[in-house]
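Shown next, in structure tokens, is the structure this report addresses.
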Protein chains: 2
Amino acid sequence: MKKRLTLKLIAKELDVSVSTVSKALRDSAEISEDTRQKIKAFAKLYNYKPNIIALSLKNRKTKTIGVIIPEIVHHFFTTVISGIEQAANEKGYHVIICTSNNSFDKEVINMEILANGSIDGFILSVAKETQQKKDYHHLTEVIEQGMPLVMFDRVIDEINCDKIIIDDFLGAKKAIQHLIDKKCKKIGLITTIDYVSVGKLRTQGYREALKENNIPADEDLILKVEDFDKSEMEIQSFLKDKKMDAVFAVNEHFAIYAIKAFQEQGLKVPDDVQVIGFTDGELSKRFIPSLTTVNQHGEEMGAQAARLLIKKLENEDAEDEPFETIIIETGLVERNSTKR
Amino acid sequence: MKKRLTLKLIAKELDVSVSTVSKALRDSAEISEDTRQKIKAFAKLYNYKPNIIALSLKNRKTKTIGVIIPEIVHHFFTTVISGIEQAANEKGYHVIICTSNNSFDKEVINMEILANGSIDGFILSVAKETQQKKDYHHLTEVIEQGMPLVMFDRVIDEINCDKIIIDDFLGAKKAIQHLIDKKCKKIGLITTIDYVSVGKLRTQGYREALKENNIPADEDLILKVEDFDKSEMEIQSFLKDKKMDAVFAVNEHFAIYAIKAFQEQGLKVPDDVQVIGFTDGELSKRFIPSLTTVNQHGEEMGAQAARLLIKKLENEDAEDEPFETIIIETGLVERNSTKR
DNA sequence: TTGTAAGCGTTATCAA
DNA sequence: TTGATAACGCTTACAA
């Protein structure tokens with residue numbers, strides 16, 4: 001194994017001092033044109049690249065961002081990462097990604113390790129377990145240490161930091177309004193139990209839209225799925241004999257189970273019933289009929305998170321600036337599960 | 001911003017030398033029980049954590065693995081990463097993920113940056129553009145530098161390094177055999193043009209299976225999709241009036257377009273035509289009918305890649321050990337697009 | 001114009 | 001049992 005070229009090696013080879021080499025390579029005016037050229041030529045020839053670790057140690061900054069997400073095998077998070085990466089790379093930052101697998105312990109450990117010098121700041125979406133446990137000591141610790149933290153999507157209200165969220169409430173409202181505009185009168189809702197914050201907000205949006213249109217909310221038309229694994233059955237029996245003309249589901253999967261159930265009942269989507277989902281994934285695009293959904297703009301979310309973090313990182317006075325909460329607007333993507 | 005606790009700070013606080021602190025914390029026998037306790041208690045109280053960057057510089061190893069993939073918004077790669085992460089974490093390694101976005105330039109740049117000290121070794125699946133360009137200087141450079149490299153899935157035959165591939169040939173063969181076992185006689189193939197190595201191998205598997213069963217290959221039943229964006233149209237017109245009883249598609253999307261086209265012709269899947277795809281993604285699972293596919297075992301692939309890399313990293317004599325190529329076996333996942 | 005030395009946070013070696 | 005020192009690779013104030 002050839003060992004990597006260092007300033008020291010170059011210095012020895014060219015019989016000058018290390019600092020001369022360093023300065024020459026950084027185009028310092030202190031160094032004579034002559035030696036500068038000589039050194040640069042040599043460095044180029046042997047393909048010298050400064051050691052990033054040494055620079056990090058020296059500068060006390062790593063120019064890398066740590067991202068912790070609940071799971072990577074998930075289209076939405078994956079788009080967020082993609083956005084983070086792009087925005088970060090533009091500013092010369094790198095990205096380290098760790099997954100918590102929705103485990104509190106793994107989240108804590110990952111944060112601790114990354115916080116020990118590997119990164120300059122965090123972008124984080126908390127694990128389900130953390131939400132349930134309500135133990136946030138690892139988050140406060142990192143913040144107290146002075147390391148900037150941006151939370152996205154699954155954020156914790158009690159934690160004081162920058163946040164990027166999507167407008168679940170408005171997104172749901174838009175979806176319902178869309179159905180109402182298409183003359184739907186009996187609109188069902190398939191949502192999650194309330195402790196999942198996004199489910200809750202989307203349910204509120206549903207109610208609000210009905211209210212604004214003077215349609216009384218019918219509790220019989222609302223299903224709160226208890227168990228994700230049994231959701232297909234729950235949805236199937238829920239949709240029996242309800243005679244709805246539309247359904248809004250808070251995620252892709254529920255929406256697809258709904259369509260399936262309708263089809264089994266001999267109903268046609270969108271002719272007999274219209275369906276809207278939430279989260280615009282591969283599934284929504286390719287399913288037949290393709291799904292009209294509320295798009296969460298994951299990439300933009302990621303890009304905004306990265307930009308916000310980098311702003312804090314590079315702005316010395318950022319310390320006392322107040323924390324921001326950026327709300328990403330959702331958009332309705334019309335496809336074939338609703339009428340044109 | 002509170003500054004992080006360092007050995008130096010502890011030393012000053014406790015009025016001992018830095019080296020004493022270092023040794024005490026690492027339970028060196030050199031240090032008296034007394035001071036050791038005192039120092040450890042203090043460190044614990046103030047939550048001392050060694051700076052990883054300093055350790056990396058000192059040890060000349062970072063305990064982190066760099067992963068470069070063509071795209072992250074892609075279910076298969078995402079499962080591979082998941083596998084890499086798990087296996088790496090088990091051995092105390094971290095993972096940095098960069099995407100090349102299928103761009104040659106970005107691949108080169110990412111590799112250069114990571115190679116400058118941030119990581120101990122690479123796990124890589126090359127960008128499409130790199131495959132086309134056949135410019136591999138960045139790969140050979142890294143290898144010459146003595147940095148271990150493991151390629152997976154999209155590998156380059158000409159590069160001498162460890163490789164993890166899936167058995168595309170055998171996977172395709174299995175799929176076709178499965179169809180033949182179900183009494184299919186006219187089996188179509190929807191594949192890519194030949195320069196995509198996996199498409200080529202899967203096509204070969206198709207031919208081989210037919211041959212072994214003494215079924216002559218009919219070139220009219222083979223479609224090589226030229227343009228991914230227009231694949232839906234191409235597939236639709238290809239499937240007109242061919243009277244096949246089965247189709248094997250080299251990816252999920254082609255398979256779904258095929259089903260769609262059949263349905264539009266009034267044919268039922270799987271009753272009239274059976275369909276098998278490749279790559280087991282979300283889409284295959286949820287589509288109606290759910291897709292029978294060849295599973296690529298992405299997680300296992302990732303885990304094997306990580307383990308192989310770490311083996312090289314930790315084994316001093318690994319230098320002269322020959323490079324390995326590990327072949328991950330595919331498995332057929334039976335669902336509703338083929339008959340039971 | 002060039003070089004020396006200190007420092008970033010550690011650990012290992014050797015001396016006290 | 002403890003501490004001083006050098007080293008990892010780099011930058012920079014200061015000295016020559």
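Letters A, B, ... are given to chains in the order of the sequence lines, protein chains preceding strands, and every chain is numbered from 1. The structure displayed is predicted, hence computed values, not measured ones.
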Any donor-acceptor pair under 3.5 Å from [X] side chain to [Y] backbone:
X: A:Lys163; Y: A:Ile156; result: yes
X: A:Ser125; Y: A:Ile69; result: no
X: A:Arg154; Y: A:Val126; result: yes
X: B:Asn102; Y: B:Glu71; result: no
X: B:Asn110; Y: B:Thr99; result: yes

(message) Can you work out whether B:Arg60 or A:Val18 has the more 5'-proximal nearest nucleotide on DNA chain D?
(response)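 Nearest nucleotide further toward 5': that of B:Arg60.
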Report yes if a side-chain nitrogen or oxygen of [X] is closer than 4.0 Å to either non-bridging phosphate oxygen (OP1 or OP2) of [N]; otherwise report no.
X: A:Lys8; N: D:dC8; result: yes
X: B:Arg4; N: C:dG9; result: no
X: A:Thr6; N: D:dG9; result: no

(request) Give the intermediate values and the outcome of salt bridge (Lys or Arg N to Asp or Glu O under 4.0 Å) for residues A:Glu324 and A:Lys311. (result) CA-CA 12 Å; A:Glu324 293 179 50; A:Lys311 194 171 95 184; 2.9 Å; yes
(request) Give every residue pair that meets the ring-ring contact (aromatic ring centres under 6.0 Å, His included) criterion with at least one member in residues 24-67 of chain A, sequence neighbours excluded. (result)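 Listed once each, the pairs are A:Phe42-A:Tyr46.
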Identify each atom pair where a protein N or O and an N or O of nucleotides 13-16 of chain D are less than 3.5 Å apart, giving names and distance.
| residue | atom | partner | partner atom | Å |
| --- | --- | --- | --- | --- |
| D:dA13 | N6 | A:Lys23 | NZ | 3.4 |

Tell me: [atom1] of [X] to [atom2] of [N], nearest whole Å?
X: A:Asn116; N: C:dC8; atom1: CG; atom2: P; answer: 18 Å
X: B:Lys61; N: D:dA7; atom1: NZ; atom2: P; answer: 21 Å
X: B:Asp34; N: D:dT1; atom1: CG; atom2: C1'; answer: 11 Å
X: B:Asn59; N: C:dT10; atom1: CG; atom2: P; answer: 12 Å
X: A:Leu7; N: C:dC8; atom1: CG; atom2: P; answer: 19 Å
X: B:Leu5; N: C:dG9; atom1: CG; atom2: P; answer: 11 Å
X: B:Asp27; N: D:dT1; atom1: CG; atom2: P; answer: 14 Å

(message) Quick one, B:Glu33 and B:Gln37 - any side-chain contact, counting heavy atoms below 4.5 Å?
(response)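 Yes, side chains in contact.
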(request) Looking at every strand, decide which applies to B:Val16 at a 4.0 Å heavy-atom threshold: base, sugar-phosphate, or nothing. (result)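 Result for B:Val16 = sugar-phosphate.
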(message) Under 4.0 Å, heavy atoms only, any strand: does B:Ser22 hit a base, just the sugar-phosphate, or nothing?
(response)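 B:Ser22: base contact, heavy atoms under 4.0 Å.
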(message) Can you tell me which nucleotide in C:dG3, D:dG3, D:dT1 comes closest to the side chain of A:Thr20?
(response)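 Ranking C:dG3, D:dG3, D:dT1 by closest atom to the A:Thr20 side chain puts C:dG3 first.
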(request) Ignoring the backbone of B:Arg26, work out which of D:dG9, C:dC8, C:dT11 is nearest its side chain. (result)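 Nearest listed nucleotide: C:dT11.
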(message) Below 4.0 angstrom, which residues in residues 35-58 of chain A have at least one non-hydrogen atom near DNA chain C?
(response)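 Result for residues 35-58 of chain A: A:Thr35, A:Leu57, A:Lys58, sorted by number.
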(message) If you count every heavy atom of other residues, nucleotides or ligands that lies below 6.0 Å from B:Lys91 atom NZ, does the total exceed 12?
(response)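 It does not: B:Lys91 NZ has 12 such atoms or fewer within range.
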